[in-house]
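What follows is a structure written as structure tokens; I'll ask about it next.
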Amino acid sequence: MPAPTFAMSEYRVAAATCLLLVSVGCKPSASTSTGNTRITKASQSHTLHFTEVTGDSGVKFVYQNAREANHSAILESLGGGVSLLDFDRDGLLDICLPGGGTLTSDEQIGGVQTGFFRNLGSLRFEETKNCRLSPCQFFSFGAASGDYNNDGFSDVLITGYGGVELWTNQGDGTFIESAKAASIESASWNTSAAWGDLNGDGSLDLYLEHYVNWSFSNHPFCSTPDGRREICSPKDFEPLPDQIYFGNGDGTFRDATQHAGLRSDGKGLGVLLLDADDDDDLDIYVANDTVDNFLYLNGGHGQFEEIGMLRGVAVDDRGIANGSMGVDALDYNGDGRLDIWVANYEDETFALYRNDGEGYFYFVSDPAGVTSLGQYYVGFGTAAADFDHDGDEDLLVANGHAIKYPRRSSRSQQPVFLRNDKGRFLRAESIGAYFGASHEGRGLAIGDLDNDGDLDFLVSHVADPVGVLRNDQDSGDWFGVQLTGIKSNRDAIGAKLTLKTTKGDMVRQIKGGGSYLSTNDPRVFWGLPGDAKVEQLVIRWPDGGVQTIAKPAQRQLHRVVEKLESTTINPMIPNDGSEAGG
């Protein structure tokens, strides 16, 4: 089937003057009633297939976890992430890949080169060294991209053991390292990070996760039953407290950890910024390893209350804290509310927490079909999206063991694709050779790499090349949106989008963070069920303004720019390379 034309439309958007505010207070309730219309799925067959195109893509990169040094350090277990960003604003997603590090026989820890690949179109990439990213000065893990200084160009934060690097995009194809100049300094073990406007001032803030207190001076000997040295469990180490940095609006930051009210007992691996209680500010969900997960509800000015246990998302249905790594949120049952999804460790169930609309969540992995996967997988990178264009969001998970000598399963494991069938998930079979093979999967990011309207993905492996997977699904219609904030943060993180169609409403949020050590395509895509027609797009911007666009065209990416001085919507503007409303 020929690829659809990837047309882009632009709208000049007027921010409404009213603010839509919902009370934070909630009552315990199991009700799932909502004013939204549930999507009616069409009775049609969708053929989904992913083709691995790594060899032809030009992306040649291997994450180095230093296992060859044979230290059996927990540092070796995390792997690396993937960041997708359009750094040169040519409309094509580029790729940033943390490289890992080295461990020497005399217990020295070093960094390696970060990989950066420019998208040439048609899923062809070239490694670009002229962007001037120097070799990392520490053992790197994560990559979080975002326009932190609101200048229109995406920047990248690299996280790792012993430091962070903030690569500021100069707009000419080059970056400069500016973590110290921006007052972001952390000598801790930094893992996942997430950008988002947490205090509502229009500037991006940063949530920075930390893991455990390991060092070569705190490196116990852990072993298998037959005496082989093994990577120790995170349970053998004390937690390290996370940090929050608030943006000052001038490209610098201040440490607001104490002001925000963060707990100090997490072992963070995944973080997601979302509006969990629908009160128009960003909350924080933290996936911790072997200790309770956190849900921080935002009081409105960047001060948070941690209520994960009270709201039902701290532990599993047995009351046990899991080894949580990857995280995302989706409206899996079409009721207009964001539910929380977590990829967990072996002997645990991947967790799906249903949002009841009253600020409480319920563990629904069993009734939703997730437990049919069994408990042999160790899940890392994960993402939710409508990959098959049938109108609801599916789930993708990269798996691989974290230790050297697992007894119940192998280090290499098959990835999992869970197809959403009316709110119940079924494992999809025969969707590509990559899914039939085993890998040591870690970071995963999704995005439309070839601009054909469906979502492809990249996955970082331990000691094997990064995988590039092209989505070749051959049915269903689609609709895409790229938002640019003006009064809101430029990335529009926190925006809520409702696509009203003849088959019902579909709700999305632009989230901060997610997956595991990775950053997804910032654009928003919907699949359209059956012969559904788009009637309206309703955008609720992070600053509270609401905008409605009537009958936007399908099978197009629409660029919508927040504009403040007008209260009307201009008609569609041809894509002439300009940026409306800037």
Side-chain angles (χ1 to χ4, degrees), residues 53-65 79-102 110-149 151-160 163-179 182 190 192-193 195 381 442-451 456-461 464-469 491 515 517-522:
V53 296
T54 309
D56 295 329
S57 70
V59 180
K60 298 179 180 179
F61 193 84
V62 177
Y63 181 85
Q64 301 178 41
N65 78 328
V82 178
S83 179
L84 299 179
L85 69 159
D86 180 6
F87 88 100
D88 52 4
R89 291 181 56 172
D90 64 354
L92 298 168
L93 288 176
D94 310 300
I95 303 168
C96 180
L97 299 165
T102 60
V112 298
Q113 181 69 50
T114 298
F116 209 96
F117 293 84
R118 182 172 178 266
N119 193 334
L120 304 177
S122 301
L123 271 171
R124 298 283 299 176
F125 297 82
E126 67 174 4
E127 187 167 12
T128 174
K129 299 184 188 265
N130 61 359
C131 61
R132 301 178 186 171
L133 269 67
S134 59
C136 199
Q137 299 302 303
F138 47 80
F139 201 120
S140 62
F141 295 106
S145 54
D147 184 4
Y148 81 88
N149 54 5
D151 67 352
F153 292 91
S154 292
D155 315 296
V156 184
L157 182 86
I158 303 295
T159 68
V164 295
E165 291 179 347
L166 179 61
W167 290 100
T168 303
N169 192 334
Q170 299 301 288
D172 60 0
T174 67
F175 293 79
I176 59 170
E177 205 291 304
S178 51
N190 306 280
S192 288
W195 297 103
R442 292 297 189 267
L444 177 148
I446 62 171
D448 189 1
L449 297 173
D450 51 2
N451 281 354
D456 316 294
F457 71 92
L458 271 82
V459 59
S460 178
H461 305 117
D464 279 323
V466 167
V468 183
L469 280 296
D491 289 343
S515 190
L517 305 173
S518 299
T519 308
N520 295 319
D521 187 342

| query | Quick one: CZ on F117 to OG1 on T128, what's the gap to the nearest 0.5 Å? | reply |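 The OG1 atom of T128 is 10.0 Å from CZ of F117, to the nearest 0.5 Å.
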| Could you go step by step and tell me if Y63 and V466 meet the side-chain contact (heavy atoms from CB on, under 4.5 Å) rule? | CA-CA 8 Å; Y63 181 85; V466 167; 6.0 Å; no
| field | Closest approach of E165 to Q137 (non-hydrogen atoms, all atoms of both residues) | value | OE2-N, 3.3 Å
| message | Show the nearest heavy-atom pair for residues C96 and P98, with the distance to one decimal. | response | O-CD, 4.0 Å
| request: Quick one: closest heavy-atom pair of D147 and G152, and the distance? | output: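 For D147 and G152, the tightest heavy-atom pair comes out as OD2-N, 2.7 Å.
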| Donor-acceptor pair, side chain of T114 and main chain of G99, under 3.5 angstrom |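 Not a single qualifying donor-acceptor pair exists.
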| said: Tell me whether S460 contacts the main-chain N or O of R442 through its side chain, where contact means a donor paired with an acceptor under 3.5 Å. | reply: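 Side chain of S460 to backbone of R442, a donor-acceptor pair under 3.5 Å: no, none is there.
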| Taking only residues two or more places apart in sequence or in another chain, which ones pass side-chain contact (heavy atoms from CB on, under 4.5 Å) with L517? |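 Once residues adjacent in sequence are excluded, the partners of L517 under the side-chain contact (heavy atoms from CB on, under 4.5 Å) criterion are F141, T191, S192.
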| Candidate pair E177 and L166, rule side-chain contact (heavy atoms from CB on, under 4.5 Å), full reasoning | CA-CA 5 Å; E177 205 291 304; L166 179 61; 4.2 Å; yes
| remark: Hits for side-chain contact (heavy atoms from CB on, under 4.5 Å) against L92, two or more places apart or cross-chain, chain-then-number order -> D90, N119, N451
| request: Could you tell me which residues satisfy ring-ring contact (aromatic ring centres under 6.0 Å, His included) with F175, sequence neighbours excluded, listed by chain and number? | output: F87, F116
| OG-CG distance between S57 and D456, expressed to the nearest 0.5 angstrom |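 Interatomic distance, S57 OG to D456 CG, rounded to 0.5 Å: 11.5 Å.
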| message | Do I95 and V59 make a side-chain contact, defined as non-hydrogen atoms from C-beta onward lying under 4.5 Å apart? | response | yes
| message | Donor-acceptor pair, distance only, cut-off 3.5 Å: does the side chain of D86 make one with the backbone of G91? | response |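 It does hold such a pair.
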| task | List for me each residue that meets side-chain contact (heavy atoms from CB on, under 4.5 Å) alongside F153, sequence neighbours excluded, and say none if there are none. | result | R89, D151, N169
| query | So Y148 and S178, side-chain contact (heavy atoms from CB on, under 4.5 Å) or not? Walk me through it. | reply | CA-CA 12 Å; Y148 81 88; S178 51; 3.6 Å; yes
| Distance-minimising heavy-atom pair for Q64 and F139 | O-CZ, 4.0 Å
| task | Give the minimum heavy-atom separation between A179 and V164, together with the two atoms involved. | result |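 Heavy atoms only, the tightest pair is CB-O, 3.9 Å.
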| query | Are side-chain heavy atoms of S140 and T159 found at a separation under 4.5 Å? | reply |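 A side-chain contact under 4.5 Å is absent here.
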| said: Looking at T519, is its backbone amide N or carbonyl O close enough to the side chain of S83 to form a donor-acceptor pair, meaning the two atoms are under 3.5 Å apart? | reply: no
| task | Rounded to the nearest 0.5 Å, what's the gap from CG on N520 to CD1 on I446? Could you check? | result |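 Here the rounded value is 4.5 Å.
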| remark: So CD of E127 and CG of L97: to nearest 0.5 Å the spacing works out to 9.0 Å
| said: Which residues pass the salt bridge (Lys or Arg N to Asp or Glu O under 4.0 Å) test with D94, not counting sequence neighbours? | reply: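 D94: no salt bridge (Lys or Arg N to Asp or Glu O under 4.0 Å) contacts found.
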| said: Walk me through whether N149 and T168 qualify under side-chain contact (heavy atoms from CB on, under 4.5 Å). | reply: CA-CA 9 Å; N149 54 5; T168 303; 3.7 Å; yes
| field | Listed partners of Q113 passing side-chain contact (heavy atoms from CB on, under 4.5 Å), at least two apart | value | L133, P135
| query | For L449 and F125, which heavy atoms make the closest approach, and how far apart are they? | reply |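 Here L449 and F125 meet closest at CD2-CZ, 4.3 Å.
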| task | To the nearest 0.5 Å, tell me how far C131 SG sits from R118 CZ. | result | 11.5 Å
| said: Donor-acceptor check, side chain of N190 to backbone of G163, threshold 3.5 angstrom: yes or no? | reply: yes
| task | To the nearest 0.5 angstrom, please state how far the OG atom of S145 sits from the CG atom of D491. | result | 8.0 Å
